[in-house]
Amino acid sequence: MDPRDHAAVVTGGASGLGEETAIRLARAGAKVAVFDLNGEAARKAASTIGGIGIECDVSDPDSTTTAFKQAREKHGPTRIVVNCAGIGTAKRIVGRDGPMPLNEFQQVISVNLIGTFNVMRLAAAEMKTLDTLDDNERGVIISTASIAAFEGQIGQAAYAASKGGVVALTVPAAREFAQFGIRVMAIAPGLFGTPMLRGLPREAQESLAASIPFPRQLGRPAQYADLVLHCIQNTYLNGEVIRLDGALRLAPR
């Protein structure tokens, strides 16, 4: 699909991978709606690319339904969705203070996995009603997994489980939506120079980068955004989870 003149939604689009993806899609001619829990940040990010910023809690069905309605009223029906909204917590299942509080595990699952599913179900329900494009495609949905889904480290149980769910969701969703001409993909990033990592001391950043086989540097959000654009444009990509990690395989710690 050529994204030009099509409506796109990027969740978690006010920062990090999501923000860079929104910028890249806008440059490619898409009409971009930035969804983010921080409504002010969403509007600020959207204002720089000629898009629309909408406050949205992806884990809440009513909030997400309303956000899609607002995006549709502004840009028309959504053809492209990129799920970048996510949170993480570093905590052992059983630590010095005892078992990890269950609500903390539930919160990560709620945002990362249930939020991804929530956005996917609403987007696909809208896309299936649209006319097909020249390539018989109606839409594309791209989710963000993580290499932690495959080699989760100690202290990443909640995050790894949530991203493992995103990985497992990809193929059945792609198979179900194939009849409608809707593709489903996921990207599993490694260590990227997002605001969270950039906030670490330089020594810590250099140590993390040194663990990557090649290139020995943190990934750039623009590289993630470039892959998103390729997934959109290459209609033979479907039902796949693509690692984007410089051949990194995470150690236990």
Side-chain angles (χ1 to χ4, degrees), residues 9-21 35-37 56-60 64 81-93 100-121 123-124 140-175 183-197 208 211-212 218-221 223-225 227-228 231 237-253:
V9 164
V10 180
T11 73
S15 63
L17 302 180
E19 183 177 20
E20 192 65 39
T21 297
F35 289 8
D36 202 278
L37 187 60
C56 178
D57 177 356
V58 296
S59 66
D60 181 84
T64 311
V81 168
V82 186
N83 278 305
C84 291
I87 60 174
T89 182
K91 184 164 289 188
R92 290 173 181 254
I93 300 170
M100 177 182 183
L102 187 59
N103 68 301
E104 294 184 17
F105 182 88
Q106 290 172 324
Q107 184 182 21
V108 176
I109 298 296
S110 180
V111 174
N112 295 0
L113 178 55
I114 296 176
T116 294
F117 177 81
N118 184 33
V119 171
M120 179 184 291
R121 73 185 181 95
V140 58
I141 300 169
I142 301 170
S143 301
T144 304
S146 167
I147 61 171
F150 308 104
E151 306 109 26
Q153 296 181 299
I154 293 172
Q156 285 187 331
Y159 185 74
S162 70
K163 294 302 185 176
V166 172
V167 168
L169 176 62
T170 302
V171 167
R175 288 173 166 173
R183 294 185 294 118
V184 181
M185 300 286 299
I187 298 172
L191 299 177
F192 270 70
T194 58
M196 180 176 66
L197 280 184
L208 289 171
S211 69
I212 301 170
L218 298 178
R220 302 190 305 275
Q223 293 169 320
Y224 174 93
L227 182 54
V228 167
C231 289
L237 282 172
N238 193 16
E240 186 57 85
V241 179
I242 303 174
R243 292 182 68 128
L244 187 65
D245 58 15
L248 176 64
R249 300 297 181 267
L250 295 175
R253 302 174 187 272

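We're numbering straight along the sequence, starting at 1.
Going from atom CG of L244 over to atom CD1 of I187 covers 7.0 Å, rounded to the nearest 0.5 Å. With rounding to the nearest 0.5 angstrom, the CD atom of Q223 is 11.0 Å from the CG atom of L17. For the atom pair L191 CG and L248 CG, the distance stands at 5.0 Å (nearest 0.5 Å). A distance of 8.5 Å separates CG of L218 from OG1 of T194, quoted to the nearest 0.5 Å.
Scanning all heavy atoms of the two residues, the minimum distance from C84 to V10 falls at SG-CG1, 4.4 Å. For the pair A85 and T11, the tightest heavy-atom approach, listed with the atom from each and the gap, is N-OG1, 3.1 Å. Closest approach of R220 to F192, counting heavy atoms only: O-CE2, 3.2 Å. Scanning both residues, A145 and P189, for their nearest heavy atoms gives O-CD, 3.3 Å. When all heavy atoms of I142 and C231 are compared, the closest pair comes out as CD1-CB, 3.7 Å.
The side-chain hydrogen bond (donor to acceptor under 3.5 Å, both in side chains) search around R175 returns none, not counting sequence neighbours. For E20, the side chain to side chain contact (heavy atoms under 4.5 Å, CB included) partners at least two apart in sequence or on another chain are I23, P221, A222, A225. For S146, the side-chain hydrogen bond (donor to acceptor under 3.5 Å, both in side chains) criterion is met by no residue, not counting sequence neighbours. Qualifying salt bridge (charged side-chain N to carboxylate O under 4.0 Å, His left out) partners for D57, counting only residues two or more places apart in sequence or in other chains: none. Listed by chain and residue number, V184, A186, V241 satisfy the side chain to side chain contact (heavy atoms under 4.5 Å, CB included) test with T170 (two or more places apart in sequence, or in another chain). Listed by chain and number, the residues in a salt bridge (charged side-chain N to carboxylate O under 4.0 Å, His left out) with E104 are K91 (sequence neighbours excluded). Looking at residues two or more places apart in sequence or on another chain, you find a side chain to side chain contact (heavy atoms under 4.5 Å, CB included) between A123 and F68, V81, M127, I141. For the side-chain hydrogen bond (donor to acceptor under 3.5 Å, both in side chains) test, residues two or more places apart in sequence or in another chain that qualify with R121 are N118. Applying the side-chain hydrogen bond (donor to acceptor under 3.5 Å, both in side chains) test to E240 and every residue at least two apart in sequence or in another chain returns nothing.
Put simply, the side chain of D36 gets close to the backbone of A14: a donor and an acceptor are under 3.5 Å apart. Checking side-chain atoms of S59 against main-chain N and O of S110 turns up no donor-acceptor pair under 3.5 Å.
No side-chain heavy atom of T144 sits under 4.5 Å from any side-chain heavy atom of V166. Residues V119 and C56 fail the side-chain proximity criterion, which asks for heavy atoms closer than 4.5 Å. Here the side chains of T89 and Q107 are not in contact, with every heavy-atom distance at 4.5 Å or above. By the 4.5 Å heavy-atom criterion applied to side chains, D245 and I212 are not counted as neighbours. Put simply, the side chain of S143 does not reach to within 4.5 Å of the side chain of L169, judged on heavy atoms.
At most 12 non-hydrogen atoms from other residues, nucleotides or ligands lie less than 6.0 angstrom from CZ of R92. For F117, the CZ atom counts as loosely surrounded, since its 6.0 Å shell holds 12 or fewer non-hydrogen atoms of other residues, nucleotides or ligands.
Applying the salt bridge (charged side-chain N to carboxylate O under 4.0 Å, His left out) definition to pairs two or more places apart or across chains, none involves residues 154-167. Counting only residues at least two apart or on different chains, the salt bridge (charged side-chain N to carboxylate O under 4.0 Å, His left out) pairs with a member in residues 183-195 are E137-R183.
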Which atom pairs, donor and acceptor, lie under 3.5 Å between side-chain atoms of residues 152-160 and protein residues at least two apart or in another chain?
from: Q153; atom 1: NE2; to: A251; atom 2: O; distance (Å): 2.9
from: Q153; atom 1: NE2; to: R253; atom 2: O; distance (Å): 3.1
from: Q156; atom 1: OE1; to: Q153; atom 2: N; distance (Å): 2.8

